[in-house]
Amino acid sequence: MSVRLRLTLLYGLLFFMAGALLLFVMSVLMANILGNVKVIGLGITDAEANELQHQFVEQTMKQLVGRSLMALAGVGVITLVLGWFVADRALSPLQRVTTTARRLSESTLHERIALEGPDDEIKELADTFDAMLERLGQAFDSQRRFVANASHELRTPLAINRTLLEVALGDPEASDDLRTVGRTLLATNARHERLIEGLLLLARSERELTTRNPVDLAEVAATVLEHSARREHDNDVAVHRELTSGTALGDPVLLEHLVSNLVENAIKHNDAEGGELWIRTGMLDGYATVQVENTGPAVPAYEVERLFEPFRRLNSDRVESAKGAGLGLSIVRSVVLAHRGAVYAVPRPGGGLIVTVRLQPG
C-alpha cells in the first residue's frame, strides 16, 4: 500500500470519526431539546400527551439520524477524493526526489534536486540528498583523476622499456637466450601497456559525456571489423555481419571503443578452431542496438554478471591471463552507462556469449 493511499485512508478515517462524534453530540442535544417540547391540546390527557411527545421525538430523531448518516457518507466520499489529491500534492516533492535518485548514475552525479519551497522537512531531505550527491561526485572525480594520472605516469616507463627491449632484440650479436628472454619481456610489457590503456579508457568512459553526436552503429561496426581484420589473432574466427542502420546519440570515439571491445572479447574467448562470431546492428524497440554473439566455452548463467566487473575472467578471478587484462566488458558497461543505455548478456546455447547493447536513438 503506497503512502499516498495510506494518507488518503487516514484522512477519511479521521473525517468519519470526527463526523460520527459530531453526529452523536448533535443527536444528544437534539433529543434533549425535543424532550422539553410539551404537547398541549383540548381533550388530551397527560398520558396521551406523553405518548404523542414520545412518538414525535422518536420519529424526528430517526429522520434526523438517517439523513445525517447519508450526508456524512456523501461528504465522506468527497473527503476521500480530496484527500487523494491533497496527499498527491503533499508527496510530489518526495516523488521528485525519488525520480532524481532513480535516474542518477556515476556519470550523472552532477545533477541536483534543487527543491524550492518552504524550509520544511521535505526540503531538508532534498538538501541533504543534494549534499550527499556533492560528496559522492567529488569522491568519484577524485578516484577517476587518480586512475588517469597513475596510468599516464606508468605509460612513460613502459614505453622506455619497450624501446630498450626492441633495441636489444635488434642486436645481431644477441644470444638465443637473450632473445628468448627479451621476447618474453616484450610480450609482458605489451600486456601491461594494454592494461594501462584500458584503465585510461575506463576512467574516461566514467566521466560525464562532453560530446553527443548522431552515430550510426552500422558504420562503427564496419570500421571496427575492418581494423580487426588487419590485426593478427590467435584464433581463426569466421565473422558474420548483419549490419543495418541504427543511429545512437553519443561520443563517436567511445562508441567505437565499445564495439571494438565487444568484438575483441568475442574473438579472444572463442574456439581455437572453427570459431564463429556474429555482429548485428540496427533499431530494436526504438533503441539503437548492437549485438555480438560468439562461440566458445560454456558460460554459466551465474557467472555472466561478474564478467562485467573489472579484472574478472571466466573461471579465473584476478589471475594473470594472456588473453587480456579483464577490462573489456567493464569498459563496455561504463561506456553504456555514460550514454544512459543498457547492456545485458546471456549464455549462448552450445557455448559462448550473446552481448546486447541498447542506446538512446539519435
Side-chain angles (χ1 to χ4, degrees), residues 183-184 186-199 201-202 205 217 220-222 224-243 255-282 284 289-337 341-359:
R183 283 192 292 268
T184 303
L186 193 61
T188 303
N189 194 83
R191 181 179 180 278
H192 290 163
E193 287 182 327
R194 290 195 301 270
L195 173 62
I196 297 304
E197 291 296 332
L199 289 174
L201 180 57
L202 185 62
S205 64
L217 294 180
V220 173
V224 169
L225 292 176
E226 181 180 352
H227 291 167
S228 178
R230 298 173 184 173
R231 293 193 295 268
E232 294 184 359
H233 300 284
D234 296 334
N235 299 339
D236 186 12
V237 177
V239 179
H240 306 282
R241 306 185 182 194
E242 300 176 15
L243 306 181
L255 291 178
E256 183 175 340
H257 279 294
L258 182 150
V259 178
S260 178
N261 278 11
L262 288 176
V263 171
E264 292 300 315
N265 190 75
I267 294 176
K268 290 177 181 178
H269 303 280
N270 212 313
D271 294 330
E273 296 181 0
E276 294 183 277
L277 183 152
W278 294 265
I279 179 168
R280 309 176 182 95
T281 62
L284 179 64
T289 305
V290 56
Q291 184 182 78
V292 176
E293 176 183 352
N294 69 297
T295 56
V299 181
Y302 58 84
E303 286 282 352
V304 171
E305 183 63 27
R306 298 175 61 188
L307 294 178
F308 287 93
E309 299 177 8
F311 307 107
R312 292 281 188 174
R313 308 176 186 89
L314 182 62
N315 300 325
S316 176
D317 186 11
R318 302 183 185 275
V319 178
E320 186 169 281
S321 173
K323 290 187 176 180
L327 290 174
L329 290 181
S330 62
I331 292 175
V332 168
R333 183 172 64 176
S334 295
V335 174
V336 169
L337 292 178
V343 56
Y344 51 91
V346 294
R348 179 180 177 273
L353 204 64
I354 303 175
V355 183
T356 304
V357 174
R358 302 175 68 178
L359 301 172

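No experiment lies behind these values; they were computed from the predicted model shown.
Within the model, atoms CG of Leu255 and NE2 of His257 stand 10.5 Å from one another, a figure rounded to the nearest 0.5 Å. Taking OG1 from Thr295 and CG from Leu353, the interatomic distance works out to 11.5 Å, rounded to the nearest 0.5 Å. For the atom pair NE2 (His240) and CD (Glu293), the distance works out to 9.5 Å, reported to the nearest 0.5 Å. Here CZ of Arg333 is found 10.5 Å from CG of Leu307. Values are rounded to the nearest 0.5 Å. Expressed to the nearest 0.5 Å, how far CG of Asn261 lies from NZ of Lys268 amounts to 8.0 Å. Taken from OH in Tyr344 to CD in Glu305, the straight-line distance is 13.5 Å, to the nearest 0.5 Å.
Nearest heavy-atom pair across Asn270 and Glu276 is ND2-O, 3.1 Å. Pairing each heavy atom of Val220 with each of Glu256, the nearest pair is CG1-CA, 3.6 Å. Of all heavy-atom pairs spanning Asn294 and His269, the tightest one is ND2-O, 3.0 Å. Shortest non-hydrogen contact noted between Val336 and Ala342 is CG1-N, 3.3 Å. Summarising the geometry of Leu277 relative to Ala266, their closest heavy-atom pair is CD1-CB, 3.3 Å, with the distance given to 0.1 Å. Taking each heavy atom of Leu243 and Thr281 in turn, the nearest pair found is CA-OG1, 3.4 Å.
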- Derivation of the side chain to side chain contact (heavy atoms under 4.5 Å, CB included) call for Val224 and Ile279: CA-CA 11 Å; Val224 169; Ile279 179 168; over 6 Å; no
- Message: Please evaluate residues Val355 and Asn265 with respect to the criterion side chain to side chain contact (heavy atoms under 4.5 Å, CB included), reporting the C-alpha separation (whole Å), side-chain torsions for both, the decisive distance (0.1 Å), and the verdict.
- Response: CA-CA 11 Å; Val355 183; Asn265 190 75; 6.0 Å; no
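Counting heavy atoms from C-beta on, the side chains of Val304 and Val346 never come closer than 4.5 Å. Side chains of Val290 and Leu258 form a contact here, defined as non-hydrogen atoms less than 4.5 Å apart.
The only member of Leu337, Val332, Leu329 that meets side chain to side chain contact (heavy atoms under 4.5 Å, CB included) when paired with Val343 is Val332.
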